[in-house]
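In what follows, chains carry the letters A, B, and so on, assigned in the order in which the sequence lines appear, proteins first and then strands, with residues in each chain numbered from 1. For clarity, every value in this text was computed on a predicted model and none was experimentally measured.
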Number of protein chains: 2
Amino acid sequence: MASNAVMEETLQVLKDHKLRVTPQRHIILAYLVSHHNHPTVETIRDGLSKDLPNIGASTIYNTLNTFVDHHLVVELQNGDGSTHYDYFGTPHYHAICTNCGRIVDVTYPGFSDTEKNLEKKTAEISGYMISGNHMEVYGLCPECQIKLGIKKND
Amino acid sequence: MASNAVMEETLQVLKDHKLRVTPQRHIILAYLVSHHNHPTVETIRDGLSKDLPNIGASTIYNTLNTFVDHHLVVELQNGDGSTHYDYFGTPHYHAICTNCGRIVDVTYPGFSDTEKNLEKKTAEISGYMISGNHMEVYGLCPECQIKLGIKKND
DNA sequence: TTGTTACATTGGAATGGTTCTCATCTGTTA
DNA sequence: TAACAGATGAGAACCATTCCAATGTAACAA
Ligand SMILES: [Mn+2]
Ligand SMILES: [Mn+2]
Ligand SMILES: [Zn+2]
Ligand SMILES: [Zn+2]
């Protein structure tokens with residue numbers, strides 16, 4: 001079970017979004033807030049086996065889809081065939097390893113401006129009414145660089 | 001069948017990448033070069049029914065996966081459940097409609113710098129050896145704005 | 001040209017992540 | 001506390017994609 005602080009925070013988030021507060025939703029959201037491993041449905045289910053031993057897979061999918069609709073959570077693909085989920089409390093983007101699928105959070109000062117500029121330009125050019133964006137950068141994570149015997153500077 | 005110019009161009013692309021030149025690969029690549037509709041496997045199969053009436057679905061998947069490995073083609077998801085493919089001859093990114101799934105190409109002067117900067121920052125922060133990136137911007141396309149009766153300025 | 005061989009194609013079966021169905025349960029509101 | 005819209009859960013269904021094994025063929029060298 002997540003900490004009291006996290007449970008209170010997530011309870012408030014659910015209420016703010018006018019989502020019915022069920023134990024399943026509360027616990028799943030708390031899990032996501034306190035784990036930034038970008039879990040799959042399977043990972044979440046395993047991680048919650050103590051708290052929710054009888055939860056159905058459909059409930060996890062339904063819950064996550066609801067969170068995605070409310071922009072609380074984003075979906076990520078890393079090429080392993082299943083969808084990864086990420087609580088999106090603070091803006092960031094992802095670096096994804098093309099070899100092992102590792103997903104890490106990235107942000108830097110000025111990233112928010114880059115993002116805003118991209119959205120503004122896109123609106124002007126395409127006429128779309130922008131609601132969000134995703135940026136992903138691909139490459140080899142440090143461990144895979146070593147594992148594959150690749151030198152950085154050559 | 002695509003134009004002679006496209007057939008020559010795609011033939012050269014296949015050779016440059018040391019890919020065995022089969023009719024299937026040649027025709028699929030020519031299709032992608034001359035169609036920027038971001039087709040699915042099904043769309044491609046339909047579009048090629050004249051040229052390759054007996055092509056197997058696995059061949060299209062195999063071929064596209066090969067092209068993706070060689071960075072000739074990128075994969076896109078628009079939420080309709082199937083993967084969309086895009087020949088990536090010139091750098092650009094995508095605006096995706098969250099209502100109807102329409103995918104349009106976007107680029108602007110300076111986009112290349114934005115991209116390079118993002119990759120550079122990511123390499124510094126994450127230690128990843130960067131090989132590429134994807135940027136996507138989400139929103140409502142002009143048609144869906146009208147269809148849904150949403151006003152731009154209010 | 002021809003032979004060799006590694007690789008590509010095919011159709012069908014298998015896979016597996018996600019959605020669907022529907023009976024049951026429950027959080028919310030009055 | 002009653003009523004009900006909405007959520008849950010088990011399993012079936014879905015379907016995009018991959019796997020498999022037999023057949024075909026592009027590329028290369030002699
Ligand atoms: Mn993240
Ligand atoms: Mn495109
Ligand atoms: Zn890695
Ligand atoms: Zn649209």
Side-chain angles (χ1 to χ4, degrees), chain A residues 7 10-31 38-46 48-49 51-70 72-86 101, chain B residues 7 10-31 38-46 48-49 51-70 72-86 101:
Chain A
M7 292 308 283
T10 49
L11 177 61
Q12 195 54 48
V13 170
L14 291 174
K15 285 181 177 173
D16 289 347
H17 285 262
K18 305 206 189 311
L19 290 170
R20 189 185 284 198
V21 180
T22 66
Q24 292 83 351
R25 285 177 173 180
H26 196 175
I27 292 174
I28 290 173
L29 187 58
Y31 177 90
H38 310 93
T40 63
V41 164
E42 192 56 26
T43 307
I44 294 170
R45 200 181 205 186
D46 292 347
L48 263 42
S49 57
D51 299 294
L52 295 169
N54 299 319
I55 193 169
S58 358
T59 301
I60 303 181
Y61 279 105
N62 287 339
T63 301
L64 291 169
N65 288 339
T66 301
F67 291 167
V68 168
D69 291 343
H70 285 256
L72 288 172
V73 162
V74 295
E75 297 181 328
L76 298 169
Q77 312 286 338
N78 72 346
D80 72 356
S82 58
T83 304
H84 295 247
Y85 296 87
D86 189 25
Chain B
M7 292 307 284
T10 50
L11 178 61
Q12 194 54 48
V13 170
L14 290 175
K15 286 181 178 173
D16 289 347
H17 285 262
K18 305 207 189 309
L19 290 169
R20 189 185 282 196
V21 179
T22 67
Q24 291 83 351
R25 286 176 172 181
H26 196 172
I27 292 174
I28 291 173
L29 188 58
Y31 177 90
H38 309 95
T40 63
V41 164
E42 191 57 26
T43 307
I44 294 170
R45 199 180 206 187
D46 292 347
L48 265 40
S49 57
D51 299 293
L52 296 169
N54 299 319
I55 194 169
S58 351
T59 300
I60 303 182
Y61 280 105
N62 288 338
T63 301
L64 291 169
N65 287 339
T66 301
F67 291 167
V68 169
D69 291 344
H70 285 257
L72 288 173
V73 161
V74 296
E75 297 181 328
L76 299 168
Q77 312 286 338
N78 71 346
D80 71 356
S82 57
T83 303
H84 294 247
Y85 296 86
D86 189 24

Below 4.0 Å: OP1/OP2 of [N] and any side-chain N or O of [X]:
X: T83(A); N: dT18(C); value: yes
X: Q24(B); N: dT25(D); value: no
X: R20(A); N: dA5(D); value: no
X: N65(A); N: dT19(C); value: yes
X: T22(A); N: dT8(D); value: yes
X: Y61(B); N: dT18(D); value: no

Whole-Å distance between [N] [atom2] and [X] [atom1]?
X: R25(A); N: dA7(D); atom1: CZ; atom2: C1'; result: 6 Å
X: K18(A); N: dG6(D); atom1: NZ; atom2: P; result: 15 Å
X: E42(B); N: dT17(D); atom1: CD; atom2: P; result: 10 Å
X: I27(A); N: dG9(D); atom1: CD1; atom2: P; result: 10 Å
X: I60(B); N: dT17(D); atom1: CD1; atom2: C1'; result: 12 Å
X: F67(A); N: dA7(D); atom1: CZ; atom2: C1'; result: 12 Å
X: H26(B); N: dT25(D); atom1: NE2; atom2: P; result: 18 Å
X: L52(A); N: dA10(D); atom1: CG; atom2: P; result: 12 Å

Open item on the list: Nearest to the T63(B) side chain among dG9(D), dT9(C), dA26(D), which nucleotide is it?
Closed with: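 Ranking dG9(D), dT9(C), dA26(D) by closest atom to the T63(B) side chain puts dT9(C) first.
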
Task: Nucleotide nearest I55(A) (side chain, heavy atoms from C-beta), chosen from dG9(D), dT8(D), dA27(D) - done: dG9(D)

- [ ] For residues H70(A) and T66(A), determine if any side-chain heavy atom of one lies less than 4.5 Å from a side-chain heavy atom of the other.
- [x] yes

- [ ] Calculate, to the nearest 0.5 Å, the distance between atoms CD and OH belonging to E75(A) and Y85(A) respectively.
- [x]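 Separation between the atoms: 4.5 Å.
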
Open item on the list: For the NE2 atom of H26(A) and the CG atom of L29(A), what is their distance to the nearest 0.5 Å?
Closed with: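 Output value for this atom pair is 7.5 Å.
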
Open item on the list: So, under a plain 3.5 Å distance rule, would you say the side chain of S58(A) forms a donor-acceptor pair with the base of dA10(D)?
Closed with: yes

Task: hbond_proxy S82(A) side chain to dG16(C) base (donor-acceptor, 3.5 Å cutoff) - done: no

Open item on the list: With nearest nucleotide decided by heavy atoms, which residue, N54(A) or V41(B), maps closer to the 5′ end of DNA chain D?
Closed with: N54(A)

- [ ] Would you kindly compare N62(B) and L19(B) by the position of their nearest DNA chain D nucleotide and give the one closer to the 5′ end?
- [x] N62(B)

TODO: Look at the side chain of H84(B) and the backbone N and O of H38(B), then say whether any donor-acceptor pair between them is shorter than 3.5 Å.
DONE: yes

Task: Nearest heavy atoms of N78(B) and G101(B), plus distance in Å - done: ND2-O, 2.8 Å

